[in-house]
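First the structure, in the form of structure tokens, and then the observations on it.
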Amino acid sequence: MAVERLTLYSPVLVPALHRIQQQFGYLKQEALTQLSKDTGVPQYRLQAVASFFPHFQLTPPKKVVLRICRDLSCNLAGSGKLLRELDALTSEHVTVEGVSCLGRCDRAPAACLSAQGSEHENYYFRRSANELKAIVAANLEGVQTAPDRDVDQTFVRDDTMIDPYKGDSPDYRAVRAAVTARDASLVAAMEFLAATPEWTPGMLERFRIAAIRQLRVEFEIEPAIREAVRCWQSEIDWAKGPSLGGWSDVLLNELGDADLRGLGGAGIPAVQKWRDVRDAVRRARQREKDDRAFIVVNGDESEPGTFKDRELLLRSPHLVVEAVILAGLITEATQGFIYIRHEYAEQIEACRAEIRRAENIGFCGENAMLLGRSFPISVFVSPGGYICGEQSALIEAMSDRRGEPRNMPPKLETNGLENLPTLVSNVETFAWVPFICLNSGKLYAEQGVNGWKGRRYFSVSGDVKRPGVYEVPMGLTLRELVYGDKYCQGISGDKKLKGFAPSGPSGGFLPAKLTASKGLPRDYLNNKSWQALATRRGFDPASLELDILDLELELNLFRALSPTQALGAGLVVYAEDRDMAEQAVNSVEFFRNESCGKCVPCRLGSQKLASLGSHLLNGQIQKASWENEILPLIKEMGKAIELASICGLGRSVPIPLMTAATFFQEDVTRHLSGNGAAPAGKSEQE
């Protein structure tokens, strides 16, 4: 019996909306009407999707639109003041407005300019108000000023290990090794079947082809061959073991030995997700259900302070593409996607170019010769929205729906895109896979220091002399990252450290010292992580405080000793003269701006907290009222938002304000009315 060809999944609405906006500069109603007719999608659904994503414009924009990033590092660099200075440009032809993080925190403040007739948005970094005024004036005259490019940014490559090709032309050796392992298992299976009298050489060859092509072949498949393929694909009956149907376990075990984890913040072991997807595909085959599955790279890097994936996608796209192919082979998925935020135009083109190269040499595409089967990969361009960094919201956006997080369970590993098994992981998690497959998980694990395993990338911005993206061994101390000559080389102006954001705004703000009464966990003296850290760092285990610079950059240690238990990829450093109350309110405003609105407590709670923060900075809250009413209210609201929110955004909303109130009381008190507060008004940093 013949089997139908592979049905590929192709998102429709979001790519079509991108094309319309690129053609007209906004979503022209006539074009939407035509799209509705062509696709059969009702116009109300088109409006529902288009109105959700910030990139899509439903009305004609002015001739020039200038957007200034207003979050975290750009706020530190004076983007608030910049916006006020540029407000005078606003006219019937010019719009000036704030925008959420543009992913260029290392060159703050960042600006984005779109002009009528221009194919792409242009980006400008570290520009003064006068420079931006001149750029706007030139665009009004139809003259484009050369944009600042990511590829021209210095990328520190000292001691990097992630790329096993080290500048040589990538030949996808890790994929070749995986294909060799798969084919060896098929040879062993054919030798086993050949011992059965009814199996002819022709049947064995048809078995081999059908197994590689996942039964998607043009010829008739006899029941005996179909059953043999099912056994090999699912590692059941005679096909059990690493030399037969379990060939992929050898590579999965390498991921386990590496202790490679999700590097987007959650820290879930990578091998767990890969194995779950593979096993879900196997169960579908055993039940004779749809056995398609998907690999999705989460490149929607929108957390303020985080920009490491920007560099990996731009400078090492071959690692990401190779890892997607490896994931497809090991899990037996049928299609791959690289989801990239629309602000990363250079990265989108780099990945598309690498996909084309991989197709030309036979490693992916609808007829991937060297794989022996179809495995297309494509780039999905995000229409914006911080919430789409949440993996289920990302899948919703790819499914032609509003990017709102799902209630879980079920997990994406069993019910993701098209309600089928889907592996979603961070860019960096995928990028380490070729190194691990070629050099062993054990070698990767050995690259850590201070007893920790592996290596990873951090984005560092704020008040450091050399902000940027750094590959470091797991367990490196914060002190060495901030002050080390190979890394950030100290705090700007040689000032003292005041605070530290360990995970963009989501992790709140930590002070230079954590004490027994503020920050350190209860009964910390008996905490094994504390005792081990004291031994390694050489301080008294009976100490009543911890210098934050002595913390080692490892998620498990932060979960054990940090009050917010967070360690992400975006680290922001604050010097001694920073007002942490202002920074906290700015972060709450970010969450307010980016809440998808699905959860009522998050939608209303983030707005209320932002409003209270604004009143605080404007000197509108009395000291007594703050202590007796407002602060208890913030704590109560924060708990409600945390408990009732579906995703991590909601759980993060109260953290910036709560950590500022806990660890930087002097900064908060300075703004309280009746306590020497400054007159109402915006600060110069905002």
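Hydrogens, waters and symmetry mates are skipped; everything else that's a heavy atom, side chains included, is used.
- Residue pairs meeting the salt bridge (charged side-chain N to carboxylate O under 4.0 Å, His left out) criterion with at least one member in residues 362-375: none, sequence neighbours excluded.
- In this view, Asp106 and Gln153, Arg310 satisfy the side-chain hydrogen bond (donor to acceptor under 3.5 Å, both in side chains) rule, not counting sequence neighbours.
- For Gln272, the side chain to side chain contact (heavy atoms under 4.5 Å, CB included) partners are Ile268, Pro269, Asp276, not counting sequence neighbours.
- For residues 316-334, the pairs satisfying salt bridge (charged side-chain N to carboxylate O under 4.0 Å, His left out) are Arg285-Glu332, with sequence neighbours left out.
- With 3.5 Å as the limit, one finds no donor-acceptor pair spanning the side chains of Gln214 and Thr334.
- Residues satisfying the ring-ring contact (aromatic ring centres under 6.0 Å, His included) criterion with His55, sequence neighbours excluded, are His18, His342.
- Legend: salt bridge (charged side-chain N to carboxylate O under 4.0 Å, His left out) pairs involving residues 431-450, not counting sequence neighbours, sorted by first then second residue: Lys442-Glu446.
- For Asp183, the side chain to side chain contact (heavy atoms under 4.5 Å, CB included) partners at least two apart in sequence or on another chain are Val179, Leu186, Ile212.
- In this structure Tyr386 satisfies the ring-ring contact (aromatic ring centres under 6.0 Å, His included) test together with Phe590, sequence neighbours excluded.
- Judged as a ring-ring contact (aromatic ring centres under 6.0 Å, His included), and not counting sequence neighbours, Phe337 has no contacts.
- Legend: residues meeting side-chain hydrogen bond (donor to acceptor under 3.5 Å, both in side chains) with Gln447, ordered by chain and number and at least two apart, are absent.
- Qualifying ring-ring contact (aromatic ring centres under 6.0 Å, His included) partners for Tyr344, counting only residues two or more places apart in sequence or in other chains: none.
- Applying the side chain to side chain contact (heavy atoms under 4.5 Å, CB included) criterion to Ala228, with sequence neighbours excluded, gives Leu193, Trp199, Phe207, Trp238.
- Separation of the Phe380 and Tyr339 ring centroids falls under the 6.0 Å cut-off.
- Checking Arg315, Glu471, Arg455 one by one against Thr160, the side-chain contact (heavy atoms from CB on, under 4.5 Å) holds for a single residue, Glu471.
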